Amino acid sequence: MAAALHFVTNTLRMLSGLLIWAAHFGIVYIATALVCARGFQELKWFGVGVVAWMVAIATTLAVGGILVVLVPAWRDLYRRSSWSATPAFIDWMTVAFGALALLAIVWVTLPVMLVPIC
Amino acid sequence: MDRNQEFPNTTPRPEEELSLLKKIWRAPSGWNFITVVNNEYIGIFYVGTAFLFFLLAGVLALLMRTQLAVPENNLLGQDTYNQIFTMHGTLMMFLFAVPAVEALGVLILPNMQAARDLPFPRLSAYAFWAYFAGGLAFFCSLFFDLAPKGGWFMYPPLTSYQFSPGDNSDFWLLGIGFIEITAIAAAIEIVVGVLLNRAPGMSLDKMPIYCWAMLVFAGMIMVAFPAVILCTALLELERSFEWPFFVAEKGGDPLLWQHLFWFFGHPEVYIIFLPAAGAVSMIIPTMVRKHLVGYRLVVLALVGTGFLSFALWVHHMFTVGLPQISMSYFSAASMAVSVPSGIQVFAWIATIAAGRLKLTVPALFTLGFLFIFVLGGLTGVMVAIVPLDWQVHDTYFVVAHLHYVLFGGMVFPLFGVFYYWAPYASAKPLSEKLGRWVCGLMFIGFNTAFFPMHITGLLGMPRRVYTYSAEVGWDTLNLVSTFGAFLIGAGVLVFLIDLILNFRPFRPEKAGNVWDAGTLEWLPSGDYAMRSIPIVESREPLWDQPNLAEDVEAGRYYLPGAPTGGRETVVTSPIDARPLYILPMPAGSWYPVLAAFGTAAFFLLLTVKQVVPALFFGVFAVAMIIRWVWDTDPGPTHPPVDIGGGITLPVYVTGPMSHSRWAMVVLMIVSASLFACLIFSYYFLWTVAPGFWPKGGDSLPDVAYPLAAGGLSLVSSAAMAYTSRALKSNRFWKVRLSLLLAVPLLIGALLTELWGQWQIGLRPTDSGYAAIVYTVISIQGFFITVAAIMGLYTFARSVCGLINRERRATFDNTMLFWHYTVVQGLIGLALVHLSPRFLG
């Protein structure tokens with residue numbers, strides 16, 4: 001039981017950045033498709049379109065979520081006085097997957113500022 | 001100091017120990033050889049069959065190139081050409097590339113991880129034989145004018161009943177759907193094998209890169225393949241019963257196919273590439289005699305690519321009229337995936353730079369791979385840019401790009417792998433001299449064949465045309481391409497000669513570690529894999545642990561004999577590889593082989609509408625599977641075993657660490673992926689054709705129906721939970737009674753929902769909405785049928801006294817699948833009954 005639980009929690013933590021990226025990507029894609037299919041793209045709030053708002057909120061939440069996992073893993077990585085190789089490896093992977101996911105999220109979000117919506 | 005004290009077991013070992021080990025693991029002889037399950041035998045059969053399909057697809061490619069060599073050629077007619085290019089693409093993608101890398105995994109992984117075999121050897125044998133029989137029968141459709149002709153991605157409406165009458169498309173849909181199921185079986189084997197069957201000490205950070213690549217590969221199959229299984233099922237339902245999923249005037253949409261197909265199809269490219277990249281990460285360090293530079297970064301790249309590649313599917317659909325911002329998301333993601341790919345390329349270059357590369361044949365193929373794959377990657381970034389994609393879409397530029405990626409990214413590494421790992425499986429290595437010819441001919445031939453296609457594409461030559469006019473100016477380029485294709489063919493021919501001259505598998509002696517490689521597959525081995533299971537202290541133990549091979553061979557490490565009197569291996573914990581328990585393993589059996597042929601016959605007979613014989617073979621296959629698994633779950637029939645070093649392990653476990661539980665969890669992830677694709681399909685059709693959806697609750701079944709169906713499902717789950725409690729106290733009559741109660745409750749839930757929809761007059765042929773509603777019910781019906789068979793099977797085992805408080809793995813798995821089915825059913829009810837009420 002302990003080995004299985006250890007695996008599940010560590011794997012989820014390690015992959016959390018990429019899982020959050022996947023959720024962010026799915027949400028912005030589906031939300032945009034629905035807005036365009038239903039013709040809501042002209043809706044604005046404070047002069048900013050509905051899609052931009054949705055993407056901004058989703059991105060803020062995603063980036064925040066990744067940082068919540070990434071920062072403690074980063075601290076563990078550099079504060080651990082005596083470590084065995086495996087936990088350090090998992091912490092490193094948690095940080096690296098988080099960083100890759102941050103890059104991908106920002107990269108996917110950029111077109112909202114550059115490209116017409118529908 | 002006495003060397004014996006450093007090891008878990010003392011030497012010399014008893015004389016009879018090795019002979020018993022050999023006897024237990026010996027492959028069957030005579031006719032029974034067909035029942036062999038040892039990974040080295042099944043792995044070689046598997047690789048050989050995949051290579052056979054590569055040859056067959058290659059012959060088709062040469063036919064196509066001959067047809068296109070000169071303008072207005074009439075060697076092949078249009079219809080024949082269509083069948084040939086469809087069969088070429090289908091064979092290469094589904095019957096060669098994925099099975100080949102799975103086959104290599106089955107062949108190599110157990111020894112690389114110092115396991116005696118993968119955890120479900122009969123499942124591997126079943127997957128192989130089903131693939132072998134089904135694949136060959138599928139290929140033979142070409143000789144009867146029955147081969148599919150809609151292209152390897154089979155877009156409707158071209159492939160639906162209106163424009164593709166006859167059985168040709170059905171061969172693709174049922175044949176490939178079935179082959180994908182066998183691929184999933186192999187993926188389950190690989191996931192559980194990599195996570196639970198590693199040598200003690202081989203923690204995640206010491207796992208060979210190839211194991212990481214295979215883990216990511218299998219994980220991607222789990223998520224991607226259900227999408228293609230679903231879309232083939234939908235199109236077959238449309239073709240056979242006119243359920244209009246892809247018929248626009250009835251509320252369907254052909255783009256639904258494209259979304260589902262490419263949600264599978266793009267990750268498929270990486271599914272093929274990543275194991276090849278993993279192999280390259282093994283070959284290069286060996287050839288420069290240096291550790292791989294940036295091990296952690298390469299793991300990051302493998303896993304990162306596995307994730308990011310799922311966000312690329314729409315870049316195959318840039319010309320279908322999607323919102324511009326949506327295309328931009330996918331364009332950005334397509335460029336982002338080049339980051340992890342680039343990390344791997346730079347890690348390989350850095351490793352080569354860190355040492356001195358020995359220009360052996362595997363190294364030459366690796367260099368060829370780097371050159372070709374990088375070019376393919378660059379054109380990949382080009383077509384990820386929307387305006388350029390609009391320009392070159394469906395032209396030969398794309399044909400060139402995809403071949404640079406796939407041939408460069410998979411076929412070149414694979415030939416490198418053949419040369420690299422041949423001494424692992426053969427008594428002789430392959431010839432270095434002939435290998436250089438193979439590599440040279442293939443490299444020059446490939447670039448001669450495919451580089452000009454970039455230009456023919458830019459000049460406007462569309463894909464899939466069977467001929468062209470002399471006036472359009474494509475003739476010289478096509479002639480050059482054809483010449484190059486025959487050079488590739490010549491290279492493959494030299495390889496075949498090399499195989500005939502030198503490849504000697506299934507011999508007790510092996511050529512062995514001719515490259516001085518560092519990983520465990522190069523330990524001396526027999527049918528039993530290695531004599532004893534070593535403790536691993538680094539990523540290249542043969543380099544870093546002196547005398548390892550000798551100590552393993554002398555039986556100084558764990559499990560030097562066969563203490564249970566049968567086949568067994570050690571299961572270790574998934575993160576840090578601590579020994580957990582002994583897994584008894586099955587020997588060869590006819591049942592998986594017969595089940596595989598029965599399964600293949602079921603699907604193929606169904607294709608040609610021979611329903612009664614198909615059902616006969618379907619029932620036969622299920623019977624064989626039930627007979628096969630009847631012998632599993634043996635219970636704690638043997639006392640704990642001392643494997644050495646003071647470690648005593650149980651021979652049977654239940655609960656979360658049971659390997660069968662892990663396989664069931666993987667199966668549930670596959671099922672959940674399929675159901676998620678179904679939910680996507682439901683909402684996609686609602687998005688494109690809301691007019692066909694019921695408005696509010698008026699034209700929906702009364703809420704009493706879903707409430708009753710949900711209630712019955714929950715009660716059946718409660719009955720299963722009660723059974724579990726009753727089993728803990730060995731109250732057998734209560735166990736049997738509640739099992740018997742749970743089955744009709746679950747079936748009742750399905751019938752209630754079905755009747756609810758039917759009695760309001762909704763018919764699946766009415767509209768896309770109706771079709772998808774009945775598909776939700778049908779898929780739930782399939783899961784309930786499987787759950788019911790599992791429930792009755794568990795009941796039968798209970799009656800036979802094969803289940804009790806200690807021996808309960810079968811019941812636990814049935815219960816897990818049962819609860820999953822109920823949860824999926826509840827989500828399905830919410831989808832079908834709540835969505836129209838809230839969204840209509």
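Order of the sequence lines fixes the chain letters, A, B, ..., with proteins taken first and strands second; residue numbering starts at 1 for each chain. This is a predicted model, so every value here is computed, not measured.
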Check your understanding: Is chain B contacted by the side chain of Leu19(A), its backbone, both, or neither, given a heavy-atom distance below 4.5 Å?
Key -> both
**Study point:** Residue Phe25(A) versus chain B: region with a heavy atom under 4.5 Å
**Key:** side chain
Hey, can you pull the donor-acceptor pairs under 3.5 Å for the side chains in residues 37-44 of chain A, sequence neighbours left out?
from: Arg38(A); atom 1: NH1; to: Thr687(B); atom 2: O; distance (Å): 3.3
from: Arg38(A); atom 1: NH2; to: Trp686(B); atom 2: O; distance (Å): 3.2

So which residues of [range] are in contact with chain B at a heavy-atom cut-off of under 4.5 Å?
{"range": "residues 94-118 of chain A", "value": "Ala96(A), Phe97(A), Leu100(A), Leu103(A), Ala104(A), Trp107(A), Val108(A), Pro111(A), Val112(A), Val115(A), Pro116(A), Ile117(A), Cys118(A)"}
{"range": "residues 65-74 of chain A", "value": "none"}
{"range": "residues 50-64 of chain A", "value": "Val51(A), Val55(A)"}

Study note, to complete from the structure: Which of Leu302(B), Val303(B), Leu300(B), Leu308(B) passes side-chain contact (heavy atoms from CB on, under 4.5 Å) with Pro340(B)? Answer is Leu308(B)
**Study point:** Within the 6.0 Å centroid threshold, strictly below: Phe263(B) and Phe310(B)
**Key:** yes
Point to revise | Ring centroid separation Phe675(B) to Phe680(B) under 6.0 Å | key: no
Review point. With a 3.5 Å cut-off and no angle check, do the side chains of Ser835(B) and Tyr683(B) form a donor-acceptor pair?
Key: yes
Check your understanding: Will you find, in the side chains of Asp812(B) and Thr654(B), an N or O donor that is under 3.5 Å from an N or O acceptor?
Key -> no
Exercise for review: Heavy-atom distances under 4.5 Å only: say whether Leu195(B) touches chain A with side chain, backbone, both or neither.
Suggested key: side chain
Study note, to complete from the structure: Comparing Gly655(B), Pro574(B), Ser573(B) against chain A, the one with the most heavy-atom pairs below 4.5 Å turns out to be Pro574(B)
Revision key, fill the gap. Residue from Gly306(B), Ser203(B), Ala311(B) scoring the most non-hydrogen pairs under 4.5 Å with chain A is Ala311(B)
